[in-house]
Amino acid sequence: MKTMLNVALPKGRLGEKVYNMFEKAGFECPSIKENNRKLIFENEQVGVRYFWVKPSDVAIYVERGAADIGVAGKDILLEYEPDIYELLDLDIGKCSMAVASKKEFRDNPQKTLRVATKFSNIAQQYYMSKGRDIDIIHLNGSIEIAPILDLSDVIVDIVETGTTLKENNLDVFETIVDISARLIANKSSYKFKSEQINKIINEIKTQLEA
Amino acid sequence: MNTANLSLNFNERVMFTLRSLYSMCGFTQYKMSKFEEYDLYAKNKDFLISDSIITFTDTNGKLMALKPDVTLSIIKNSKDLPDTIQKVYYNENVYRISKGTQGFKEIMQVGLECFGNIDSYNICEILTLACKSLKTISNDAVLDISHLGIMTSVLDAIDVPSYARKDILKFIGEKNIHQLSSLCSELEISENNIELLKEIVNTTGKADEVLPYLEDKLEGVIDTAPLKEFSAILNALDSDIKNIINIDFSVVSDTHYYNNIVFKGFINGIPSGVLSGGQYDKLMQKMKRKSGAIGFAVYLDLLERLESITDNYDVDCVLLYDKNEPVENIKSNVDKLTLKGLKVLACSALPNNLKYKELITLKNGEVSTVENNA
């Protein structure tokens, strides 16, 4: 029996795009396209098992070895800092991690800057590198309303098109880092399933270069 | 009492085997206190896996810590004898933050350290013991080896500024070639040198294939003498040891502490490295020692992942006796089963959720098997 390669895909449009790349690379699993609520799909002939997980959990599945490889956003990798291999930039799911606030905002260095964010680690490291004293307000959603309600001075969040910010009368002040989807691998799995993993990487590299 | 019949779990069996393996090679056991002065760790925080430490104030007012690491204590408490060799092994608990829960965890660690005038034979012996330690756990193992001295020489040769080295080494450790390339471009490193660095990180495999190839690539770039010495050490290893060795320059450790050889061991089925080690002469120098040092640790807590696959039953046999059964009768039947080497639970009522291979009843002196799940 073929050794199964376990792949954690992020649920949603990004995951579907990624699956198409894997399919083109020869790791197809037709059952994944059936319209049902199943989360695990496998193709024993090809030796691959896919599972849909919450995008922010992909890195955990891979680091803990439940998945051999997976696709996660760079934002998640920077925030969680998993001990994994980051093997490929897939050049999709592009956006940026940015500092935004009300248009009239002026940073007063004499005051502690109040930063609302889902990405506490990224925000902390960014401001630490600038030597700026901050107060992190960790939120789990609707970050954009924090400056409007005076909960925070600025927000640190992902910006894709900027539409949500504009609609809430916010502007981007600084870009912290560019984000895209990355192919990651569990360090131990990479030792024992390197042939399959390298095959996928080489095939996808060819697709990206085409 | 026959110790062979003792019911040891997998971790314990591995622990005893490793202790005996290290003793056979002249390593003596080093026993230490659970506590150490906090100051030792505060001065060497970067050497520790995590900088969170459990501290408390001792009765004399000194700030103490529950050991997060063993190596620092051994160095601190051992004599500096640079002209000879001291070999010790340990089997201790350390206290570290668990990444998932952010709470402290007690971790059982077995390891060894070799101090003094470290020569090629000592390195060869340590690598052999590291491989044998992995094989004690499973034959499906890999020991990734890198050489920080060679990597540092390459970074010097291609003019990587010191302020960027931490990031460069981080990307090398992640096999993150795309970010390694873009950072090198930002640092205005030539395309040829970026390609060379990428090739070193990407070239992995058996020592006798990879090292001659790299020697050829690095000729004229760095002094290849350390690479030749590295090859000679690996060539001297027995073939069954060589079989599980993989050269991989993505194994990186803090260059402020480690130099020369660094390595990490993996077992198929365990998601992270179970063994980690290297030569740490720079840490010795930082601690004002003239001796060199090399050693490794095996993280026994990770082995539970393997054990769960094999241990499917709580006991081999349940002897369910009738309440009116005479005690001596129950005892003699239990003795008969335990003499066969079986794990036996004798009881008058079956406990809930117990997983057993065989259920035997004892009533009116009659023994009968009523269930067999083996």
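Quantities reported herein were computed from a predicted structural model and do not represent experimental measurements. The sequence lines fix the lettering, A, B, ..., with proteins before strands; numbering per chain opens at 1.
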Problem - B/K242 atom NZ, neighbour heavy-atom count above 12 within 6.0 Å - result: yes
Problem - NZ (B/K166) with more than 12 external heavy atoms under 6.0 Å - result: no
Problem - Heavy-atom check, side chain of A/F192 versus side chain of B/F266, under 4.5 Å - result: yes
Practice task
Check each atom of A/L88 against the heavy atoms of chain B and say whether the ones under 4.5 Å are side chain, backbone, both or neither.
Solution key: backbone
Handout entry: Verdict with reasoning, A/K187 to B/D144, per salt bridge (charged side-chain N to carboxylate O under 4.0 Å, His left out)
Key = CA-CA 11 Å; A/K187 285 191 170 179; B/D144 271 354; over 6 Å; no
Problem - Partner chain A: residue of B/I267, B/V274, B/I177 with the largest heavy-atom pair count (under 4.5 Å) - result: B/I267
Practice task
Would you check if A/K191 and B/D248 make a side-chain contact, meaning some heavy-atom pair closer than 4.5 Å?
Solution key: yes
Completion exercise
Rounding to 0.5 Å, atoms NE2 (B/H178) and CG (A/L90) come to a distance of 8.5 Å
Handout entry: Side-chain touch A/E86/B/F171, heavy atoms, less than 4.5 angstrom
Key = no
Exercise for the section: Please say whether more than 12 non-hydrogen atoms of neighbouring residues, nucleotides or ligands are located less than 6.0 Å from CD in A/Q207. Expected result: yes
Problem - Pair B/E174-A/R182, side-chain contact (heavy atoms from CB on, under 4.5 Å): steps then yes or no - result: CA-CA 12 Å; B/E174 293 170 351; A/R182 310 292 163 101; over 6 Å; no
Practice task
Select one option (side chain, backbone, both, neither) describing which atoms of A/I84 are under 4.5 Å from chain B's heavy atoms.
Solution key: backbone
Handout entry: Heavy-atom contact with chain B under 4.5 Å, split by part of A/D89
Key = both
Handout entry: B/N176 side, atom CG; A/I184 side, atom CD1 - distance, nearest 0.5 Å
Key = 11.5 Å
Practice task
Examine distances only and state if a side-chain atom of A/S188 and a backbone atom of B/I270 form a donor-acceptor pair shorter than 3.5 Å.
Solution key: yes
Exercise for the section: Measure distances from B/D140 to the heavy atoms of chain A and classify the residue's part below 4.5 Å as side chain, backbone, both or neither. Expected result: both
Handout entry: B/T204 portion near chain A, given a 4.5 angstrom heavy-atom threshold
Key = neither
